[in-house]
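Here is the structure we will look at.
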Amino acid sequence: MPDAQTSTDPVDLLVLGGGMAGMTAAARAARSGLRVAVVERAPELGGSAQFAGYLWTAPDIATMDEINPHGDPELKAAVVGRFADAVAFLRDLEVPVADAVTILRFGRGHAFDTSLYIDTCRRAVLAQGSVTTGARTTKLTIDAEGRVSGAELLLADGSARTVRAGATLLATGGFQADAELRARYVHAQARDVALRSNPWSSGDGLRLATEAGGAVTGEGSGFYGHLIPAHVDLEPEHFVDLALYYSEHALLFNLAGERFVDETVGDHLTTMALLDQPEGRGLLVTDARGYREYITGSYVEGAPATDKFALARRKGGRCVVADDADDFRAMPEDWGYDGERIADEVARLAGGAPPSPPRTIDPRPLAEAPYYVVEVATALTFPFAGIRIDARGRVLGASGDVVPGLYAAGSDVGGIYAGAYAGGIAAAAATGLAAADDVVSAK
């Protein structure tokens with residue numbers, strides 16, 4: 001490695017990561033007069049935010065507590081409490097924000113152009129500092145008093161540089177791109193799941209935090225993701241189109257031909273449940289009405305509609321149309337499913353028999369043949385495990401002590417959600433704003 005070069009001018013805030021959380025924090029700090037440096041490992045800014053389109057969360061803390069009872073109370077309150085601030089910050093930056101719509105039945109949020117937002121933040125940062133892409137952070141620096149004082153970087157050209165900073169924020173986007181970390185902190189079968197996120201978030205923030213004395217929280221608490229067609233190469237341009245949100249109006253069977261979850265509570269929750277099943281794959285079945293109203297419909301009001309079944313078939317997924325319930329008895333043996341049992345259950349439920357597990361939100365019998373069948377698997381966007389922080393964004397050690405000078409935000413953070421989900425972009429914005437405001441207030 002080349003000799004390290006120390007930057008001559010220290011910054012007030014060093015932000016490691018240029019996605020939603022990092023750029024929100026960086027722009028907020030820069031607009032408050034702080035000198036800011038952003039360092040992003042990828043060749044471009046944006047992280048996984050470039051694949052998102054809504055800023056949304058639970059409308060109040062009571063709703064958040066109801067749908068996410070096991071999340072960290074302080075962090076849940078911070079996400080809900082800072083939502084209006086996040087919307088106002090977008091508007092202050094003159095980023096257009098659409099009218100509020102309902103999301104996942106309980107949430108409220110706004111569509112916005114994430115790429116425009118990231119670029120607007122970039123310009124705000126450049127007015128007060130710098131943005132560096134294609135650079136990897138090799139270690140955090142610690143001063144004589146034990147305070148994190150910046151970081152050592154390896155730049156795209158192979159040169160090394162040390163950046164001195166009054167505060168350092170970890171916002172590297174999580175660890176979903178690292179198979180071993182997924183297996184350790186999410187689920188043993190998560191090692192082999194598909195990713196519907198950027199490929200650069202491989203645990204840099206987690207590693208840097210733990211090396212500096214930070215703790216990990218939320219191990220085994222789940223992840224945000226969606227069902228996708230199995231055996232399909234998931235490309236970024238299809239992260240949304242191949243997410244099978246309509247599973248809320250379908251039946252999901254495991255290899256033994258059993259239903260194992262209330263599918264109606266949400267595709268994101270069903271996705272976590274599927275990872276617990278043998279081989280982490282299942283058969284998703286809906287009827288002709290489900291096809292008309294949900295497979296080809298918009299999941300969020302005003303969003304573009306796509307025929308997800310047709311797209312999955314074109315992309316090589318296992319997709320068939322069954323004329324009736326008895327057709328499942330002829331399921332190909334190499335698929336590995338108990339077709340007889342599935343046929344019996346589809347017929348039983350179509351006849352109005354009570355489902356078990358129950359279908360609490362959409363109890364409608366799937367009785368209108370034909371049936372649209374897709375083999376599905378899990379795709380992971382970000383894990384719920386991550387760095388332990390407080391409501392101000394400060395990184396905490398195992399005993400709850402603050403790691404001086406070190407903050408974390410966005411998907412690098414653990415504990416916000418546990419077996420539940422109420423918005424990733426909102427959580428990123430809220431934790432980014434919290435960290436930036438704390439740094440500003442300390443100046």
Side-chain angles (χ1 to χ4, degrees), residues 41-42 47-48 51 172-207 216 218-245 247 252-261 263 266-284 308 311-313 315-319 331-338 373-386 411-412 414 417-419 421 424:
R41 181 175 178 180
S48 295
F51 310 122
T172 68
F175 58 81
Q176 61 270 13
D178 186 289
E180 295 306 314
L181 290 177
R182 293 197 306 268
R184 177 177 177 183
Y185 291 113
V186 178
H187 193 286
Q189 292 197 127
R191 178 181 281 106
D192 301 317
V193 300
L195 292 185
R196 56 186 306 276
S197 75
N198 81 85
W200 300 96
S201 294
S202 55
D204 287 351
L206 192 76
R207 172 180 57 82
V216 177
E219 182 175 354
S221 61
F223 61 94
Y224 170 59
H226 285 289
L227 296 180
I228 62 166
H231 317 292
V232 169
D233 291 331
L234 188 60
E235 301 296 335
E237 60 266 28
H238 293 309
F239 281 176
V240 173
D241 291 343
L242 284 177
L244 305 182
Y245 309 120
S247 71
L252 182 60
F253 296 93
N254 63 16
L255 293 175
E258 302 167 330
R259 289 184 56 245
F260 52 90
V261 67
E263 302 94 343
D267 180 74
H268 57 296
L269 301 178
T270 299
T271 301
M272 285 189 277
L274 181 60
L275 200 57
D276 271 331
Q277 299 301 305
E279 300 184 26
R281 60 189 176 105
L283 213 62
L284 190 66
K308 293 176 181 290
L311 178 60
R313 177 178 271 177
K315 292 297 180 180
R318 281 179 170 171
C319 306
M331 188 177 303
E333 186 175 340
D334 63 349
W335 284 30
Y337 293 88
D338 188 334
V373 184
V374 180
E375 185 176 34
V376 296
T378 292
L380 192 155
T381 302
F382 69 87
F384 295 155
S411 296
D412 274 352
Y417 301 124
Y421 174 72

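As the structure is a computational prediction, the values presented were derived from the model and not from experiment.
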Do any N or O atoms from the side chain of [X] and from the backbone of [Y] form a donor-acceptor pair under 3.5 angstrom?
X	Y	answer
Ser201	Thr172	yes
Ser48	Asn198	yes
Arg182	Ala190	yes
Tyr337	Gly282	yes
Glu279	Asn254	no
Gln176	Phe382	no

Search all heavy atoms of [X] against all heavy atoms of [Y] and return the closest pair with its distance.
X	Y	answer
Met331	Trp335	CG-CE3, 4.0 Å
Gly218	Ser221	O-OG, 2.5 Å
Phe239	Arg196	O-NH2, 3.0 Å
Asp412	Gly174	OD1-N, 2.8 Å
Phe223	Val186	CD2-CG1, 3.7 Å
Glu237	Asp241	O-OD2, 4.2 Å

Which distance, rounded to the nearest 0.5 Å, do you find between the [atom1] of [X] and the [atom2] of [Y]?
X	Y	atom1	atom2	result
Phe253	Leu274	CZ	CG	13.5 Å
His226	Leu234	NE2	CG	11.5 Å
Leu255	Glu375	CG	CD	7.5 Å
Leu283	Leu252	CG	CG	8.0 Å
Leu227	Lys308	CG	NZ	11.0 Å
Asp267	Ser247	CG	OG	3.5 Å

Subject >> Residue pair Tyr185 / His187, side-chain donor-acceptor N/O under 3.5 Å >> reply: no
Subject >> Partner of Val376 under side chain to side chain contact (heavy atoms under 4.5 Å, CB included), chosen from Leu244, Val232, Thr271, Ile228 >> reply: Leu244
Subject >> Validation row: Arg184, Phe175 side chains within 4.5 angstrom (heavy atoms) >> reply: no
Subject >> Validation row: Leu380, Ser197 side chains within 4.5 angstrom (heavy atoms) >> reply: no
